[in-house]
Amino acid sequence: MRKQTAAPPLTEEIFDWGRYPRVAHRYVHKPAWNDQVPAILEAAGPGALLPHGLGRSYGDSCLNAGRELIDCRRLNRILGFEESTGLLRCESGVSLSDIIDVFLPKGWFLPVTPGTSFVTVGGAIANDVHGKNHHCAGTFGSHVRRIALHRSEDDLVFCSSEENPDMLRATIGGLGLTGVIAWADIQLKRVAGPWIDAESIPFQSLNTFLDLSRDSNDRFEYTVAWLDCFAGKNPRGIFFRGNHATDHGKEFHPKRGPKLPFALPVWLLNRYSVKAFNAVYYRFHAARKGASVEAYAPFFYPLDSVRQWNLLYGRRGFVQYQCVMPEPRPAAFEELLDRIAHSGMGSFLGVLKQFGSAPAAGILSFPRPGLTIALDFAMRGEPTLQLMQSLDEVVQESGGAIYPAKDARMSPAMFEASFPRWRSFVPYMDPKMSSSFWRRVTGAQ
Ligand SMILES: Cc1cc2nc3c(=O)[nH]c(=O)nc-3n(C[C@H](O)[C@H](O)[C@H](O)COP(=O)(O)OP(=O)(O)OC[C@H]3O[C@@H](n4cnc5c(N)ncnc54)[C@H](O)[C@@H]3O)c2cc1C
C-alpha cells in the first residue's frame, strides 16, 4: 500500500522567463491588498516564502521550489504623484509599462529601464536592474527614494537615506530576501515626449565597439550594442545610441504586437538557423545605418512587441548568460566569444554594453565598471551547462561576475567570486524568506 505523505501536493507550476528550471510550488499567495501580507508572513515557517513579480527573471532567483510564493502583481496601485517634482509613489506590483502608460503622456519617463517593460517595481528594485543609460544614470535602485517593507518580525519598515539606510541598501538588489516591498517612491525624469533621436552604427571589432562607447557615452544618454556571437574573436555587431527627442510634432500611436501561441519545436533552433538569423539581422541593420527618429517602445523594448517570445526556444526552455568583465581585457573577452563560437551554440540575442562607474546602490547589485554581455542559449541539457561552466572560468579568471537575475546554474564558487561581500547581506534577510537560487548558491536550507 502507498504511504500517505503529510505535505500538501505540489501543484503550482510557475515559470521563470527562461522556463528552466521547471519547479513546482506548494502554494502561491495572491494578496490583493498590502494589509493582507502580514498574516501571510506570520503564518509561514522559516524560509517558506519568496515575493514574485512578473517572472521576467530568467532563472531561479524568482522561484522557491517546493515552498511558497507571494505573487505581488495585484498590489498594483498608484498611490501618489508630485506633478512639480516627478516623485511617484506606487505599490510594488505596478509594472514599468503601467508607469509609462500613465506618466509618459504627462511628460515623465522611467529614470532607468531594463530591456522589457513587463517588470514590476518590486522586481526592478530586488534585482537593481540596469538599462542602456547605466553610464550616466546608474541603476534603478539609485532612483528609489523611499520604500515600505513588510518584514515578518517588524511589521512595516520604512527605509530611505535617512531611515534604515542599511536596510534600503540590502533590499535594492536583495533578491526579494529582505521582505516584501509594499510600496516605493521613485524619482521619474522629465522628457519632451515619446520619441528618441536614435542612431545605429555597424562595427566589426571589439576595439571599434569600445571606441564607439567612449565616444558616445558623453553625448548620448542611451548606448547598447547587438552582437553577432558567431563571428568569433572579431565580433561584428550594431551599435545603437540615442537621446530623448525634443518634440517632433509626430502623432504617436502605441502598437500592440502579436503573441507566440505555443512553444516552437526544438529542431527549428539549430546552429544553422541561429547563424542565418544573426547574418540577416546584421545586414538588415547595417543597410539601415544612420540617424532616425524612433518611438520609445521599439528603441527600449524591441522584444516586447512579440508577447511570449520565450516560447521560441521550445519546451526545454533556455538559459541566459550575463556576465560583466572588468575593462579593458580584450583577451578575456575574445576568449569568451571564441568558446561560444566553437560550441556552435550561439544565441539570437547577444547584447553588449559598457557599464559606467556609478557606485553600487545595493549590497548585492550586479553592475560594476566593465563590459557586460548577455546571451541566450537554448537549453540542451549537459552540453549547454558545460559551455556555461567553461565561460564561468574565463569570467572568474578576469575578476568578473554573473548576474543573478539571469542565472539558473552558477556554482557556489562562482557566486562567491561574483559577490565576495554576500555574507554581509545575510543579517538583513527576513528569516521567513528564501529562494531556489539562494539555496543553490549559498547552501542555505
Ligand atoms: C526581455 C528581457 C529583457 C531584460 N532586460 C534587462 C536589462 O536590460 N537589465 C536588467 O537589469 N534586467 C533585465 N531583465 C531582467 C528583469 O529586468 C529582472 O529579472 C526583473 O527583476 C524582473 O522583474 P519581475 O517583476 O518580473 O520580477 P520576478 O522576476 O518575478 O522577481 C525578481 C526578483 O524580485 C523579487 N520581488 C518581486 N516582487 C517583489 C516585492 N514586491 N518585494 C520584494 N521583492 C520582490 C523576487 O523575489 C525576485 O527575487 C530582462 C528580462 C527580460 C525578460
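Computation of the quantities below employed the complete heavy-atom set of this structure, encompassing side-chain atoms and omitting hydrogens, waters and symmetry-equivalent molecules. In listed order, ligands and their atoms are each counted from 1.
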> Just checking, Arg368 and Phe419: is the charged tip under 6.0 Å from the six-membered ring centre and within 45° of the axis?
Replying inline: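 Here Arg368 passes the 6.0 Å and 45° test against Phe419.
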> Do Arg77's NZ or CZ and the ring of Trp33 fall within the cation-pi criteria of under 6.0 Å and 45°?
Replying inline: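 Satisfied, under 6.0 Å and within 45°.
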Does ligand 1 have an atom under 4.0 Å from some heavy atom of [X]?
X      : value
Tyr301 : no
Lys132 : no
Gly179 : yes

Hey, is ligand 1 close enough to [X] that some N/O pair sits below 3.5 Å?
X      : answer
Pro114 : no
Ala405 : no
Gly55  : yes
Gly53  : yes

Does only the side chain of [X] get under 4.0 Å from ligand 1, or the backbone, or both, or neither? Count heavy atoms.
X      : value
Thr120 : both
Ser92  : side chain
Tyr403 : side chain
Leu54  : both
Pro51  : both

> So which of Gly173, Gly18, Ser57, Gly115 gets nearest to atom 32 (C) of ligand 1, if we judge by its closest heavy atom?
Replying inline: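 Residue with the shortest heavy-atom distance to the ligand atom: Ser57.
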>> Heavy atoms only: which of Ala124, Ala182, Ala126, Cys62 lies closest to atom 34 (O) of ligand 1?
In response: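 Answer by nearest heavy atom: Ala126.
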>> Using a 6.0 Å cut-off, check whether atom CZ of Arg73 has over 12 heavy atoms from anything other than its own residue.
In response: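 Check fails, neighbour count at 12 or below.
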Short side-chain donor-acceptor distance under 3.5 Å, [Y] and [X]:
X      : Y      : value
Thr223 : Lys132 : no
Tyr301 : Ser97  : no
Thr178 : Asp430 : no
Asp128 : Thr139 : yes
His135 : Lys353 : yes

> What residue and heavy atom of the protein are closest to atom 44 (N) of ligand 1, and at what distance?
Replying inline: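 Here the nearest protein heavy atom works out to Gly176 CA, 3.4 Å.
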> Are Glu163 and Arg146 ion-paired here, with the side-chain N under 4.0 Å from a carboxylate O?
Replying inline: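 Yes, Glu163 and Arg146 are salt-bridged.
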> In terms of the angle between their ring planes, are Phe239 and Phe203 parallel, tilted or perpendicular, with boundaries placed at 30° and 60°?
Replying inline: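 Answer is perpendicular, since the angle exceeds 60°.
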>> Please evaluate residues Tyr321 and Asp376 with respect to the criterion side chain to side chain donor-acceptor pair (under 3.5 Å), reporting the C-alpha separation (whole Å), side-chain torsions for both, the decisive distance (0.1 Å), and the verdict.
In response: CA-CA 6 Å; Tyr321 192 84; Asp376 291 345; over 6 Å; no
> For ligand 1, which atoms have a heavy atom of Ser61 less than 4.0 angstrom away?
Replying inline: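 Close to Ser61: 48 (C), 49 (O).
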> Under 4.0 Å from any heavy atom of Val180, which atoms of ligand 1 are there?
Replying inline: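 Within the 4.0 Å cut-off of Val180, ligand 1 contributes 42 (N).
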